[in-house]
Engineer: 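To start, I am sharing the structure in question, which I have written as structure tokens.
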Amino acid sequence: MSTPRTLFDKLWDAHVVVPESDAAPAVLYIDLHLIHEVTSPQAFSELKSRGLKPRRPDRTKATMDHSTPTLPAGADGKLPYYTQAAETQVETLARNCAEYGIELFDMASDNRGIVHVIAPEQGFTQPGMTIVCGDSHTSTHGAFGSLAFGIGTSEVGHVLATQCLLQRKPKTMAITVDGELAPGVGAKDVVLHIIGRIGVNGGTGHVIEYRGSTIRTMDMDQRMTLCNMSIEAGARAGMVAPDEVTFEYVRNTPRGPKGADFDAAVARWRELRSDEGAKFDVEVSIDAKDIRPTLTWGTHPGTALAVDAPIPAANDAAAQKGLDYMHFHADETLQGKPVDVVFVGSCTNGRLRDLREVAEVLKGRKVAANVRMLVVPGSEIVKRQAEAEGIDAIVRAAGAEWREPGCSMCIAMNGDLVAPGQLAVSTSNRNFEGRQGPGSRTLLASPLSAAWAAVNGKVSDPRELFSKEVA
Amino acid sequence: MAGFRELKSKSVVLGQTNIDTDQIIPARFLSTTERAGLGKNAFNDWRWQADGTPNPDFPFNQPHNQGRSILLAGRNFGCGSSREHAPWALTDLGLRAIVSSEIADIFRNNSLKNGLLPIVLKEEDVQALMQRPDDELTVDVAARELRSPDGRAYAFPLDGFSQTCLLEGVDELGYLLARHPEIAAYEQHL
Ligand code: SF4
């Protein structure tokens, strides 16, 4: 009998073009290459300077999302780019895609959006694939049982030129979450809890497979939230073995396989799971009932903390610097902290399910007077679906801003900024110093926590929404 | 890529743990289509005060640290975003080696492609080196070791492939392009 293999082993083995040796890393074939405006221009320049062309433009898909405005075009028909450099970057991508025949979801496209939202939505992301992008949150696509990870710009050039990457085989980690989540606790709380438990470097050098009953009951939007943040634990990638939920999602995408092709694909995809007895280098198990609504208190995602738990005392200089930066003290709780800005969006929580949760909270309520709230759909499709359900009207009636799709305040490259010193509750993935604008202070949170904080004007426990008095 | 065999330099110390790539080069400086010239924005928000003047307490602004090409950094350096702008900014600042007890995966990969050597040593060794930043250290790529003037040698891991690339200043793309026959054969079965 052959040795039991993990899901990761199966994906790796199927994509090795040249095996790894002492002398050189493996040459790994890449099925799908996603590119965006920020990390691709220098790769195209490198190709040009060497007289090379993209090997498989058909396996490359492009979108513009980081530097793009989330306000519509003005009366003159011009999009309000934050800087000339941002506009030049976007134009450079368009020019490169046109020159090499790469399909681009540009500003005029009905299907444009954040790269990690649109590729799954279109059906480009499929189980069993290797997927890379010059963007660390490429781990999102692992939710479909693919091996998906972020690369640097030199590697973007490598993949453009050869459709391959040089890789050393990473180690494997199984994270098993079992049991039922309490009402008010969702996928974002699960992943923040996990990062709090294993640390921002807990996954370094590893590919994580998420398993267990809690994960099985998650829909694809939730699994993407979970896998998205694998990189925040330092992991190379995160993945969930595909199942009926995955197949149903892919079946309903415009560009996924159809008819007999789909049936044949599903037959292959059913094999994509870790064999009984497969060995992982590290195994972690978590009980769902231990997970409370979770936010962060410091300046990296490992500072995850339940909303009602005391902030821990700083155990080193970096933690103290984090506390000082956030203007927090040990032993306080996050609950009750006055909030200036609430951001709902990003590739972590900018999908339809997230917006529905937010709308549930905002319906018939108002955003507190001291709070600016921005709701930014992850893609044009998410935006249209949400508008069809009246979510935009609920958001606006509550006093929040409903924007055009893009990365927006997640990375604050397009002019959507949190002002210096302001405290933001954000559904994005990084609370680094200045991430949402110079001097910005960020608490990472779930869509429910974010919306409930907006209504109350302070950090609040979303479990209250499910208690009798509030409902 | 500009490689090197040996490097001799005193070091700059940034002892904080978990220094992420948003600190190394904040996102608002990524709206460029070039690689060069990012050094002035390296560690921007720590290095420059709100009025644009240098923060005198920040190590890279201190006169005695000018021209040093080794950075001694706290654990988990380079975590966060995959932006290759981080090693571009650091090499533009004059750095050629980063020494830490842990270096994040993508940053590590990106660094090696830009002639910036990630050196992982034991935490206690990094701490000891941080006590003596004015010692001239020698980084010997061929021997895979870092030596201090007190005669100590610290071996660091570096796979043979990356070592060859660094020693000869060749890059990985050339190697990959030469694998064309194997890649074409693989594509036959897709
Ligand atoms: S939403 Fe944020 S994390 Fe996601 S791709 Fe955009 S900038 Fe990166």
Side-chain angles (χ1 to χ4, degrees), chain A residues 17-18 22-25 27 29 38-39 41-42 45-46 50 52 55 66-67 82-83 85-86 88-89 92 134-136 138 150-155 157-158 161-166 168 170 200-201 204-205 231-232 234 236 300 302 316-318 321 411-413 430 432-435 438-439, chain B residues 1 15-23 26-35 44-46 50 74-76 79-88 102-114 159-162 164 171-177 179-180 182-183 185-187 190:
Chain A
V17 174
V18 180
D22 284 344
V27 176
Y29 196 78
V38 180
T39 54
Q42 296 88 348
S45 307
E46 179 74 16
R50 294 189 182 218
L52 298 167
R55 182 182 179 96
H66 285 65
S67 345
Y82 186 46
T83 59
T88 304
Q89 209 172 45
T92 305
D135 195 287
S136 54
T138 309
I151 56 178
T153 295
S154 293
E155 290 173 319
H158 298 175
T162 68
Q163 205 56 33
C164 289
L165 267 183
L166 285 165
R168 291 279 175 196
V200 263
N201 53 350
T204 303
I231 180 69
E232 306 311 335
R236 201 78 182 102
H300 65 72
D316 64 14
K321 189 162 181 277
I411 189 161
M413 280 185 73
R430 286 191 173 138
F432 298 147
E433 281 183 33
R435 169 79 176 187
Chain B
M1 184 189 85
Q16 194 184 324
T17 55
N18 300 319
I19 293 178
D20 57 78
T21 52
D22 273 83
Q23 304 323 313
R28 59 188 185 284
F29 303 111
L30 307 186
S31 300
T32 171
T33 52
E34 310 289 330
R35 292 170 188 248
N44 194 86
D45 295 354
W46 291 343
R75 181 174 44 78
N76 199 28
C79 59
S81 149
S82 62
R83 59 189 69 162
E84 198 160 319
H85 308 70
W88 294 338
E102 185 165 7
I103 296 181
D105 282 340
I106 307 180
F107 175 81
R108 184 177 186 287
N109 261 321
N110 285 339
S111 295
L112 282 166
K113 292 178 180 60
N114 289 280
D159 69 276
F161 184 75
S162 304
T164 308
D171 70 356
E172 299 178 0
L173 182 52
Y175 176 88
L176 273 171
L177 287 165
R179 303 282 84 72
H180 170 76
E182 289 98 327
I183 299 170
Y186 181 92
E187 283 183 330
L190 289 177

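The chains referred to below are lettered A, B, ... by the order of the sequence lines, with proteins before strands, and numbering in each begins at 1.
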Engineer: Might you point out which heavy atoms bring Asn76(B) and Val200(A) nearest each other, and give the distance in Å?
Structural biologist: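 For Asn76(B) and Val200(A), the tightest heavy-atom pair comes out as ND2-CG2, 3.8 Å.
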
Engineer: Side chain from CB out, backbone as N, CA, C, O: work out which of these in Asp171(B) comes under 4.5 Å of a heavy atom of chain A, or both, or neither.
Structural biologist: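 Looking at Asp171(B), just its side chain touches chain A.
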
Engineer: Can you find a pair of side-chain heavy atoms, one from Thr39(A) and one from Leu30(B), that are under 4.5 Å apart?
Structural biologist: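 In short, these two side chains do not touch, never coming nearer than 4.5 Å.
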
Engineer: If you take all heavy atoms of Ala318(A) and Thr17(B), which pair is closest and at what distance?
Structural biologist: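 Heavy atoms only, the tightest pair is CB-OG1, 3.1 Å.
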
Engineer: Specify which of Gly80(B), Ala27(B), Cys79(B) makes the most heavy-atom pairs with chain A at under 4.5 Å.
Structural biologist: Gly80(B)

Engineer: Please report the interatomic distance CZ(Arg435(A)) to CG(Asp22(B)), rounded to the nearest 0.5 Å.
Structural biologist: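 With rounding to 0.5 Å, CZ (Arg435(A)) is 4.5 Å from CG (Asp22(B)).
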
Engineer: Without swapping roles, check the side chain of Glu433(A) against the backbone of Gln23(B) for a donor-acceptor pair under 3.5 Å.
Structural biologist: no

Engineer: Taking all non-hydrogen atoms of both residues into account, name the closest pair between Ser136(A) and Ser81(B) and its distance.
Structural biologist: OG-CA, 3.7 Å

Engineer: Report which part of Tyr175(B) has an atom under 4.5 Å of a heavy atom belonging to chain A: side chain, backbone, both, or neither.
Structural biologist: side chain

Engineer: Using the side-chain contact (heavy atoms from CB on, under 4.5 Å) criterion, which residues pair with Ser162(B)? Sequence neighbours excluded.
Structural biologist: Leu112(B), Leu158(B), Asp159(B)

Engineer: Is there a donor-acceptor contact under 3.5 Å from the side chain of Asp105(B) to the main chain of Thr204(A)?
Structural biologist: no

Engineer: At a heavy-atom separation under 4.5 Å, does Arg75(B) approach chain A through its side chain, its backbone, both, or neither?
Structural biologist: side chain

Engineer: With sequence neighbours excluded, tell me which residues meet side-chain contact (heavy atoms from CB on, under 4.5 Å) with Val18(A).
Structural biologist: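 Scan of Val18(A) (side-chain contact (heavy atoms from CB on, under 4.5 Å), adjacent residues dropped) gives Val27(A), Arg179(B), Glu182(B).
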
Engineer: Over all heavy atoms of both residues, which pair between Asn109(B) and Glu155(A) is shortest? Give the atoms and the distance, please.
Structural biologist: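 So the two residues come closest at CG-OE2, 4.1 Å.
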
Engineer: Given heavy-atom pairs under 4.5 angstrom as the criterion, report whether the side chain, backbone, both or neither of Phe161(B) touches chain A.
Structural biologist: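 Both backbone and side chain of Phe161(B) come within 4.5 Å of chain A.
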
Engineer: Looking at Leu173(B), Asn110(B), Leu177(B), which has the largest count of heavy-atom pairs under 4.5 Å with chain A?
Structural biologist: Leu173(B)

Engineer: Heavy-atom pairs under 4.5 Å with chain A: which of Glu187(B), Glu102(B), His85(B), Gln16(B) has the most?
Structural biologist: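 Winner by heavy-atom pair count: Glu187(B).
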
Engineer: Which bit of Leu190(B) is near chain A, if near means a heavy-atom gap under 4.5 Å: side chain, backbone, both or neither?
Structural biologist: side chain

Engineer: What part of His300(A) is in contact with chain B, defined as an atom under 4.5 angstrom from a non-hydrogen atom: side chain, backbone, both or neither?
Structural biologist: side chain

Engineer: Select one option (side chain, backbone, both, neither) describing which atoms of Ile231(A) are under 4.5 Å from chain B's heavy atoms.
Structural biologist: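 Contact with chain B is through the side chain of Ile231(A) alone.
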
Engineer: If we define contacts as heavy-atom pairs under 4.5 Å, which of Ile183(B), Asp45(B), Asn18(B) has the most with chain A?
Structural biologist: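 The residue among Ile183(B), Asp45(B), Asn18(B) with the greatest pair count is Ile183(B).
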
Engineer: If I compare all heavy atoms of Ile106(B) with all of Gly150(A), which pair ends up nearest, and what's the gap?
Structural biologist: CD1-O, 3.7 Å

